[in-house]
Protein chains: 2
Amino acid sequence: MRRADIAAPRPYIPSMSRAAPYNRETAIDAALALFWRRGYHATSLKDLEGALSMKPGSIYAAFNSKEALFREALQLYRNRSEKNVRARAKSAASPLEALAEHARRTGRPKSGSPAGCILVKTVLELADEPSQAGEDARTYLREMQDLFFALFEQARASGELPTGADSRRLARRFQSNMFGLAVETLRGSPAEDLAALADDMAEEVLRLRQRQ
Amino acid sequence: MRRADIAAPRPYIPSMSRAAPYNRETAIDAALALFWRRGYHATSLKDLEGALSMKPGSIYAAFNSKEALFREALQLYRNRSEKNVRARAKSAASPLEALAEHARRTGRPKSGSPAGCILVKTVLELADEPSQAGEDARTYLREMQDLFFALFEQARASGELPTGADSRRLARRFQSNMFGLAVETLRGSPAEDLAALADDMAEEVLRLRQRQ
DNA sequence: TTTGGAATTGAGTGATCGCTCAAATGCGCC
DNA sequence: GGCGCATTTGAGCGATCACTCAATTCCAAA
């Protein structure tokens, strides 16, 4: 909002010399961690200043708006998730084994990451307000489901699943199970209960195999 | 915050005569609907004024704080949920049938209610900030799980389930499934996909029956 | 009819929000 | 060495936040 009156020049009061230029990837990473824990609305610019070690002018110069930064954080999360799923698919003995392993890992959160899934949190937090970020989160969840679908299709193609199996329905159910796990981690389920839940879900996937 | 200076008496400007006294249950109901859709942080006092048809002074006189009102809304939700589950248990042919029906209903949200589950939303939104409301939501989810546990125990006692069945594990899994459905309704799954998911979950419960 | 007090009002409080912008810094290039 | 410009700063903007409180209304009781 441009000032209507002509203000006196404001004295600049440097505290220290100017900060080193920010690293974009590092900044987005820090923003992701913060938004993931606090959610969108409960994270203020002041919080972001601290996490990114950037002042408001710099944050807005680099990212344009709080929501734009949030969207970049969501995208980083989505890209990492996809990378993880693809890497797992590559190293697993079979598509169903990859899905089972994904379930087990989801039920054993790493101590270094915030709990749950930021896409799930965002979809719930922004469900009632039209926003680009909310739209992004829904899109990314659909894309994650597509990854699961592709794995179930591979399992069909390879004979691991019967040709009559409904890959879309299986993918939908599998993702819903992952949503359940995400909520469980945030409601504070004991680690062993969470792991047991995840193992049950993994077992369910493996039980889909055709007997050979 | 008491005024430091002695201010002139403020002229009172009535718009209409004083509002009729509020109805506490109606007010909490309206607050529940609003918090359920918008979430805690994204709901302002201004929003609550509109939904409750009360002015700030009255809201604070009646409820003490925004969080206290939110907690009452959560409690109302929890009590209604328990009532629904108990009523269903009473009218169902068997405990497992009651649980199956609960799953089906959860996957077919009523058009008059906001989507999903406010307890799940709250647990996710307030996961990172210590608050009474967050604690309440976690407690109420545990209590809901206890209801499911009691039903699985009844199924064991009646022979509907084998005596070796682990009711706690089953209740935990069942609730996690309901969490998945809650997220699905908020991510905008098509009604038929949601219903199909819920039906699959219901079928799983019924498949637990011992063959008679 | 009068009075006391419960209930409501709504302007306003101090704080915080997302964001802007003039001033200053510092680096690369000439 | 000087200059141009990209980048950073941080006070401060207009708006909104949760909440307060003196003034008023209105009802029940005396």
Side-chain angles (χ1 to χ4, degrees), chain A residues 1-24 26-27 31 34-35 38-73 126 129 131-133, chain B residues 1-24 26-27 31 34-35 38-73 126 129 131-133:
Chain A
M1 58 300 280
R2 202 165 295 279
R3 303 163 72 111
D5 54 327
I6 315 267
R10 286 175 291 155
Y12 179 69
I13 311 160
S15 53
M16 295 282 271
S17 54
R18 198 171 90 186
Y22 79 105
N23 174 278
R24 192 175 183 84
T26 301
L34 193 58
F35 280 127
R38 299 286 193 85
Y40 180 66
H41 286 291
T43 301
S44 65
L45 255 299
K46 191 167 186 153
D47 296 324
L48 288 166
E49 283 176 49
L52 278 61
S53 297
M54 287 169 80
K55 296 292 189 177
S58 301
I59 293 178
Y60 284 91
F63 300 107
N64 280 310
S65 70
K66 180 186 172 187
E67 186 181 5
L69 174 56
F70 185 53
R71 295 181 69 195
E72 294 225 37
L126 303 184
E129 64 192 80
S131 68
Q132 290 297 324
Chain B
M1 55 300 284
R2 202 166 294 281
R3 300 163 74 113
D5 56 326
I6 314 270
R10 287 175 289 155
Y12 180 71
I13 310 160
S15 54
M16 296 280 271
S17 53
R18 196 171 93 185
Y22 79 106
N23 175 276
R24 193 176 181 85
T26 303
L34 193 59
F35 281 128
R38 299 287 192 82
Y40 180 67
H41 286 292
T43 300
S44 66
L45 253 300
K46 193 170 184 144
D47 297 324
L48 288 166
E49 281 176 51
L52 278 61
S53 297
M54 287 170 79
K55 295 292 188 176
S58 301
I59 293 177
Y60 284 92
F63 301 106
N64 280 310
S65 68
K66 180 185 172 187
E67 186 181 5
L69 174 56
F70 184 53
R71 293 181 72 195
E72 292 224 41
L126 304 184
E129 64 191 78
S131 68
Q132 290 296 324

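Values below: every heavy atom of this structure, side chains too, minus hydrogens, waters and symmetry copies. All of these numbers come straight from a predicted model, not from anything done at the bench. Order of the sequence lines sets the chain letters (A, B, ...), proteins ahead of strands, with each chain counted from 1.
- Contacts between residues 54-68 of chain B and DNA chain C, defined by a heavy-atom separation below 4.0 Å, involve B:K55, B:P56, B:G57, B:S58, listed by number.
- Residues forming a side chain to side chain donor-acceptor pair (under 3.5 Å) with B:S65 (at least two apart in sequence, or on another chain): none.
- In this structure, B:N23 places its CG atom 15 Å from C1' of C:dA7, rounding to the nearest Å.
- Listed by chain and number, the residues in a side chain to side chain contact (heavy atoms under 4.5 Å, CB included) with B:A133 are B:E67, B:F70, B:R71, B:L74, B:L126, B:S131 (sequence neighbours excluded).
- For the pair A:Y40 and A:K66, the minimum side-chain heavy-atom distance is below 4.5 Å.
- Using a 4.5 Å cut-off on side-chain heavy atoms (C-beta onward), A:F63 and A:L52 make contact.
- Closest approach of B:A31 and B:A73 over heavy atoms only: C-CB, 4.4 Å.
- For residues 47-64 of chain B, the side chain to side chain donor-acceptor pair (under 3.5 Å) pairs, not counting sequence neighbours, are B:R38-B:D47, B:S44-B:D47.
- Within a heavy-atom distance below 4.0 Å of DNA chain C, the residues of residues 40-53 of chain A found are A:T43, A:S44, A:L45.
- Shown here are the side chain to side chain contact (heavy atoms under 4.5 Å, CB included) partners of A:A62, two or more places apart in sequence or in another chain: A:Y22, A:R24, A:M54.
- Closest heavy-atom contact between A:I59 and A:L48: CD1-C, 4.3 Å.
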